[in-house]
Enquirer: 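My questions will all concern the structure given below.
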Amino acid sequence: MKHNPSLDLGRAGDLANATEQCVESPELAAAVASIRERRGLGHEFLGWLDLPERSRGEMMGLRESAAQLRSEIDTLVVVGIGGSYLGTRAVLDALRWKLWKEDGPELLFAGHHLEGSALEELLSSLEGREFAVNVISKSGTTTEPAIAFRLLREQMDRDYGQEKAVRRIVATTDATRGALRTLADEEGYRSFVVPDDVGGRFSVLSAVGLFPLAVAGVDIADLLDGAVQQMAHCLEAEVSEIEALRYAAYRHCAYTNGAAVEVLASFHPSLHHLAEWWKQLFGESEGKDAKGLFPAAVDYTTDLHSLGQAMQDGPRMLMETFLRIRLAAPGPTLPSSPRDLDGLEYLAGRSVGDINATALDAVAEAHRAGGIPVAELLIDDLEEPSLGSLLAFFEFSCAVSGRLLGVNPFDQPGVEAYKVKLFRLLGRPGP
Ligand code: PA5
């Protein structure tokens with residue numbers, strides 16, 4: 001198999017050798033076997049392993065519903081938080097370089113915060129638009145999306161009338177449990193199911209992500225193809241052949257050698273939300289029992305002018321993973337301006353993308369020289385198959401990395417703790 005993504009440890013220093021040893025170790029083999037054989041802590045939430053394959057079976061229905069909605073609306077509001085929205089936003093933004101040229105509905109997001117003024121602005125911006133709502137909550141009880149959905153529902157009833165409002169609402173939630181399931185059944189909303197054996201942060205390749213992405217014009221068949229191939233490779237290939245495992249091993253070696261933070265660095269602002277999704281995946285899966293690398297992310301070159309100082313020269317407790325897109329869209333070429341008053345003539349004829357790639361080389365070298373182990377994750381391009389493959393790559397890495405750490409990668413007691421406290425402080429009735 002041609003590896004996409006692949007990991008380059010050329011600037012990782014001593015950790016490169018340690019990683020190769022870890023890849024050969026019995027501990028890693030045991031971790032991989034427990035995932036492949038669906039054993040160990042949280043094994044009941046391993047449904048994401050065959051989710052891309054299962055979702056192929058659902059694709060026709062998802063596409064039909066999406067196409068029907070696309071023909072009626074100019075805006076889809078995706079209501080959800082955490083795993084119920086980050087994956088959609090990650091893929092959407094990563095594909096924005098080509099989607100902006102199409103004439104599909106705009107996707108807006110709500111229910112991922114509690115800022116009153118932002119919600120007010122969103123509601124007012126929807127006036128006069130032909131919009132639909134996809135409300136997504138696996139539990140069906142999360143406060144932020146429930147609040148946004150109630151407000152949106154009320155606006156739709158008022159502006160569209162109840163019958164049209166019902167046609168314009170799609171609920172994605174548990175098959176049987178939760179307030180959103182009750183609401184969807186009682187009101188007669190079209191609905192999709194979040195599989196029981198898939199946790200929120202692993203759910204992007206279910207209807208959770210696929211439906212809104214299809215409405216936006218993303219080729220979900222291609223996205224799934226990339227994920228199916230990557231997942232099959234992770235499940236079947238020799239351990240030493242699997243780049244996702246080298247990434248898990250690299251992280252583990254960095255952690256056991258004293259790193260406290262992994263910084264995911266991208267030179268593409270359009271990957272900002274991919275990094276947000278990655279932060280949730282690794283942070284919620286590993287950050288427990290006082291263990292785990294803290295996942296942080298930076299957007300270069302923007303953040304070189306703020307966090308760049310601390311990266312280069314601050315406390316050495318970091319490892320850094322650069323995302324490099326081999327075939328990124330080049331963007332405009334710098335025109336010639338012979339008087340050269342801005343001093344940029346030496347760059348005339350080069351594309352902004354090419355200059356960006358050089359910036360990545362420069363920063364990786366500087367940070368390595370500054371004492372940070374640097375790995376590069378190389379991705380062929382920002383097309384649907386590569387993105388699907390990348391999502392599956394991170395999911396598999398994360399599961400194995402969690403196993404190496406000895407935590408349950410599939411629960412999130414910390415998130416639940418805050419939800420319960422918020423309910424109590426808000427005075428929610430019931431247990
Ligand atoms: O990964 C998780 O399970 C969580 O972060 C959830 O995605 C998040 O809390 C949203 O939960 P729900 O989809 O139940 O509203």
Side-chain angles (χ1 to χ4, degrees), residues 41-49 51 77-91 109-114 133-153 169-184 189 191-213 273-288 292 294-295 297 391 394-399 401-402 407-423 426 428:
L41 286 174
H43 63 88
E44 63 280 24
F45 290 109
L46 283 169
W48 51 273
L49 287 170
L51 183 63
V77 187
V78 180
V79 180
I81 195 166
S84 289
Y85 106 103
L86 280 170
T88 303
R89 197 153 187 185
V91 175
F109 294 88
H112 55 289
H113 61 75
L114 287 168
V133 168
N134 182 196
V135 53
I136 309 169
S137 174
K138 183 177 180 196
S139 63
T141 53
T142 307
T143 309
E144 295 90 333
I147 286 175
F149 183 45
R150 183 184 276 216
L151 289 162
L152 283 158
R153 227 164 52 230
I169 293 172
V170 180
T172 307
T173 187
D174 188 86
T176 54
R177 281 167 302 199
L180 183 56
R181 170 50 59 199
T182 310
L183 198 54
Y189 303 147
S191 70
F192 296 111
V193 168
V194 191
D196 261 354
D197 54 359
V198 177
R201 59 191 172 276
F202 288 85
S203 69
V204 54
L205 297 170
S206 71
V208 168
L210 296 175
F211 179 70
L213 288 171
H273 278 97
L274 183 82
E276 293 297 305
W277 174 84
W278 170 91
K279 272 158 61 176
Q280 187 203 2
L281 183 69
F282 281 91
E284 272 191 5
S285 301
E286 295 196 323
K288 49 197 75 159
F294 185 88
L391 297 172
F394 277 138
E395 288 177 355
F396 201 84
S397 283
C398 179
S401 182
V407 298
N408 178 354
F410 309 115
D411 65 0
Q412 54 285 328
V415 179
E416 302 311 322
Y418 120 80
K419 287 185 180 179
V420 170
K421 288 222 186 299
L422 181 61
F423 285 152
L426 289 175
R428 180 185 189 240

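As the structure lists them, so they are numbered: ligands from 1, and atoms in each ligand from 1. Computed from a prediction, not measured in an experiment: that's the story for all the values here.
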Enquirer: Kindly say whether G200 contributes a backbone atom to a donor-acceptor pair with the side chain of S203 at under 3.5 angstrom?
Expert: yes
Enquirer: Taking only heavy atoms of Q412, which atoms of ligand 1 are found under 4.0 Å from at least one of them?
Expert: 3 (O)
Enquirer: Provide, to 0.1 Å, the distance between atom 10 (C) of ligand 1 and the closest protein heavy atom, together with that atom's residue and name.
Expert: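 That would be I81 O, 3.3 Å.
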Enquirer: Identify, for atom 1 (O) of ligand 1, the protein heavy atom at the shortest distance, and state residue, atom and that distance.
Expert: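 Closest protein heavy atom to atom 1 (O) of ligand 1: E284 OE1, 2.8 Å.
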Enquirer: Are any of the N/O atoms on G83, whether in the backbone or the side chain, positioned under 3.5 angstrom from an N/O atom of ligand 1?
Expert: yes
Enquirer: Show the numbers, then the answer: is there a side-chain hydrogen bond (donor to acceptor under 3.5 Å, both in side chains) between T142 and S139?
Expert: CA-CA 7 Å; T142 307; S139 63; 3.2 Å; yes
Enquirer: Give a yes or no answer on whether the side chain of E276 reaches the backbone of L86 with a donor-acceptor pair at less than 3.5 Å.
Expert: no
Enquirer: At a 4.0 Å threshold, what atoms of ligand 1 neighbour a non-hydrogen atom of Q280?
Expert: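 Result: 1 (O), 2 (C), 4 (C), 5 (O), 7 (O).
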Enquirer: Any chance you could measure D196, atom CG, to K138, atom NZ, to the nearest 0.5 Å?
Expert: 6.0 Å
Enquirer: Can you tell me how far apart OG1 (T172) and CG (L210) are? Round to the nearest 0.5 Å.
Expert: 10.0 Å
Enquirer: Within ligand 1, which atoms have a heavy atom of S139 less than 4.0 Å away?
Expert: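 By the 4.0 Å cutoff, the relevant atoms are 12 (P), 14 (O), 15 (O).
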Enquirer: Less than 4.5 Å apart, any side-chain heavy atom of F423 and any of T143?
Expert: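 A side-chain contact under 4.5 Å exists here.
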Enquirer: Looking only at non-hydrogen atoms, which of H112, K138, K419 approaches atom 11 (O) of ligand 1 most closely?
Expert: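 Heavy atom nearest to atom 11 (O) of ligand 1 belongs to K419.
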